[in-house]
2 protein chains.
Amino acid sequence: MEFLLNQDAILKSLVADNLVSDPSSARGRLLHEAAGLFRDKGYERTTVRDLAAAVGIQSGSLFHHFRTKEEILKAVMVETIRLNTALMQAAVDEAGTDRDKLRALVRAELESINGQTGEAMAVLVFEWRSLSEPSQAEVLELRDIYEAIWLDVLGALSRKKVLLADPFVIRRMLTGALSWTVTWYRPDGGLSLDDLTTQVMAMMGLGSST
Amino acid sequence: MEFLLNQDAILKSLVADNLVSDPSSARGRLLHEAAGLFRDKGYERTTVRDLAAAVGIQSGSLFHHFRTKEEILKAVMVETIRLNTALMQAAVDEAGTDRDKLRALVRAELESINGQTGEAMAVLVFEWRSLSEPSQAEVLELRDIYEAIWLDVLGALSRKKVLLADPFVIRRMLTGALSWTVTWYRPDGGLSLDDLTTQVMAMMGLGSST
DNA sequence: TTACAAACCAAGCGCTTGCTTGGTATTGTC
DNA sequence: GACAATACCAAGCAAGCGCTTGGTTTGTAA
């Protein structure tokens with residue numbers, strides 16, 4: 001509960017700083033619908049007419065808010081990274097030991113992929129190539145900040161010799177493994193995200209025992 | 001060396017059975033070029049004119065070999081799964097212990113993703129949604145055979161209590177983690193596929209020690 | 001009430017797309 | 001060396017695409 005309140009507080013703070021669109025604004029609603037459509041049909045198969053219909057306006061009116069269709073894709077990605085970076089940082093800050101911090105990161109990333117921002121996160125993974133190279137470069141800068149949080153924690157654990165493999169390799173394997181959950185994980189399948197987090201930690205030899 | 005000869009023998013046997021196109025045939029060359037283009041630009045952004053130009057014919061002539069553009073995508077996926085299922089099975093058969101079998105599978109999947117069939121494997125992962133639902137169902141059947149090989153080995157290891165987590169979860173995590181290597185692994189980066197295999201096994205607590 | 005900008009509509013332009021068509025080389029077979 | 005069958009070309013069609021345009025409605029503040 002406090003966790004959810006905290007999430008909401010983080011979102012509000014980002015909205016106040018104009019780093020993320022207010023979900024109730026016209027722009028925010030469009031980005032939310034766009035994320036859903038892009039995930040379900042892919043960016044290329046989603047037409048500007050689809051996007052416009054999803055928010056109940058004419059296709060031409062979209063270009064009053066965004067100059068190009070690609071700008072919409074970029075905005076989805078940028079705002080998603082910003083939000084999740086903040087959520088991730090908060091999760092780390094709240095955790096005590098380094099192992100707890102890693103668990104918090106795994107849990108938070110699973111949440112971001114399979115929860116509220118799941119559609120947008122899937123877009124980030126599967127529609128990357130649809131972004132123009134200049135835009136990719138911009139988004140990559142934001143991604144570096146995000147990744148630094150992970151590598152900080154993994155680096156600390158590595159120095160303590162509790163990791164079974166190279167921290168960089170582990171992070172990349174985790175990126176793939178956690179992203180992939182979007183293709184198979186269903187919350188109603190008898191496996192909670194907490195369970196899944198536990199399994200992931202166990203798989204890396206960082207289970208609760210010992 | 002024997003490994004490579006073996007790979008080639010498997011390919012030839014599949015070609016003889018008409019399960020995979022001869023890479024030197026017109027159809028085979030087109031599928032190879034298509035895999036490359038689909039991976040680089042995505043299926044939707046690749047036009048039939050791109051495909052035709054890649055093999056040096058007119059765009060209309062493509063439809064003498066395939067009825068639709070989607071049929072090309074499907075053929076790329078089907079033939080890739082067929083080939084890799086055979087390669088995977090051979091890798092398992094050659095290995096001794098169950099742990100060696102798992103290592104062989106990891107190694108073989110890394111090879112398929114980052115080696116010769118890498119382009120096509122990437123297409124399988126990233127262009128899945130571009131396939132129509134009926135085609136998806138067909139390909140899924142083939143994929144089940146492929147997955148059964150993995151689950152056999154993981155199941156055996158699980159019964160021996162050497163796995164740190166549920167075998168189904170492990171397989172899905174591995175699918176994501178190994179597929180994801182296509183986005184970052186470069187053979188000239190000082191890390192061989194054997195090294196990477198070792199890291200993956202170590203990460204799961206199945207390293208060479210003990 | 002007036003003034004003005006932001007938000008939107010209705011229509012459609014220019015281009016690209018997957019695919020078709022009617023005809024011409026090229027190939028293998030007896 | 002006749003003859004299909006196969007492989008291809010040149011041209012283009014109908015539909016859908018991202019985006020533009022000129023004009024109307026809505027919200028806001030003096």
Side-chain angles (χ1 to χ4, degrees), chain A residues 15 18 21-77 123 127 129-136, chain B residues 15-16 18 21-77 123 127-136:
Chain A
V15 168
N18 248 330
S21 305
D22 184 342
S24 66
S25 72
R27 181 186 159 99
R29 282 205 324 277
L30 174 70
L31 290 182
H32 180 74
E33 295 293 335
L37 285 166
F38 289 164
R39 189 199 53 178
D40 293 342
K41 313 177 44 167
Y43 171 76
E44 306 289 347
R45 292 176 103 95
T46 304
T47 70
V48 293
R49 287 164 179 83
D50 291 335
L51 292 170
V55 291
I57 59 173
Q58 292 296 108
S59 67
S61 306
L62 273 186
F63 296 89
H64 180 75
H65 300 279
F66 298 89
R67 270 178 310 175
T68 63
K69 181 187 171 190
E70 199 218 339
E71 205 172 78
I72 300 176
L73 177 62
K74 183 173 144 192
V76 167
M77 292 185 174
V123 169
E127 304 299 329
R129 269 171 332 180
S130 295
L131 208 62
S132 70
E133 284 201 29
S135 297
Q136 282 189 8
Chain B
V15 168
N18 249 331
S21 307
D22 185 343
S24 66
S25 73
R27 183 187 159 99
R29 282 205 323 277
L30 174 71
L31 289 181
H32 180 75
E33 295 293 335
L37 285 167
F38 289 164
R39 188 198 54 176
D40 292 344
K41 312 176 46 168
Y43 170 77
E44 306 287 347
R45 292 177 102 95
T46 303
T47 70
V48 294
R49 287 163 179 82
D50 291 335
L51 293 170
V55 290
I57 60 175
Q58 291 296 108
S59 68
S61 306
L62 273 186
F63 296 88
H64 180 74
H65 299 279
F66 299 89
R67 270 177 312 173
T68 63
K69 181 188 171 190
E70 200 218 339
E71 204 171 79
I72 299 176
L73 177 62
K74 184 173 143 192
V76 167
M77 292 184 174
V123 170
E127 304 300 329
W128 182 249
R129 268 172 333 182
S130 295
L131 209 62
S132 70
E133 283 201 31
S135 298
Q136 282 189 8

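All of these numbers come straight from a predicted model, not from anything done at the bench. Each chain gets a letter, A, B and so on, in the order the sequences are listed, and its residues count up from 1.
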Whole-Å distance, Leu62(A) CG to dT20(D) P, equals 12 Å

task = Ignoring backbone atoms, establish whether His65(A) has a side-chain N or O less than 4.0 Å from OP1 or OP2 of dA6(C).
result = no

Sorted by chain and residue number, the salt bridge (charged side-chain N to carboxylate O under 4.0 Å, His left out) partners of Arg49(A) (sequence neighbours excluded) come out as none

Here the gap from Ile72(A) atom CD1 to Met77(A) atom CE, rounded to the nearest 0.5 Å, amounts to 12.5 Å

CD1 (Ile57(B)) and NE2 (His65(B)) are apart, to the nearest 0.5 Å, by 5.0 Å

Report, one line per pair, each donor and acceptor closer than 3.5 Å where one atom sits in a side chain of residues 36-44 of chain A; sequence neighbours left out.
residue  : atom : partner  : partner atom : Å
Lys41(A) : NZ   : Asp50(A) : OD2          : 2.9
Tyr43(A) : OH   : Glu70(A) : N            : 3.1
Glu44(A) : OE2  : Arg45(B) : NH1          : 2.2

Contact string for nucleotides 11-28 of chain C, one letter per nucleotide 5' to 3', B = base within protein heavy-atom range under 4.0 Å, S = sugar-phosphate only, - = neither, reads -B----BBBB--------

Discussion item. Given 3.5 Å as the limit, does a donor-acceptor pair link the side chain of Lys74(B) with the main chain of Ser132(B), or not?
Written reply: no

So the side chain to side chain donor-acceptor pair (under 3.5 Å) pairs with at least one residue in residues 52-62 of chain A (sequence neighbours excluded) are none

Checklist line | CZ/Arg129(B): more than 12 non-hydrogen atoms of other groups inside 6.0 Å | finding: yes

- According to a strict under-4.0 Å criterion, is His64(B) in side-chain N/O contact with OP1 or OP2 of dC8(D)? no

To the nearest angstrom, the CZ-C1' distance between Phe66(A) and dA7(C) comes to 14 Å

The helix from dT1(C)-dA30(D) to dC30(C)-dG1(D): angle between terminal helix axes, five bp per end, to the nearest 10 degrees, reads 20°

Salt bridge (charged side-chain N to carboxylate O under 4.0 Å, His left out) filter on Glu33(A), not counting sequence neighbours, yields none

Ile57(A) atom CD1 is separated from dT26(D) atom P, nearest whole Å, by 16 Å

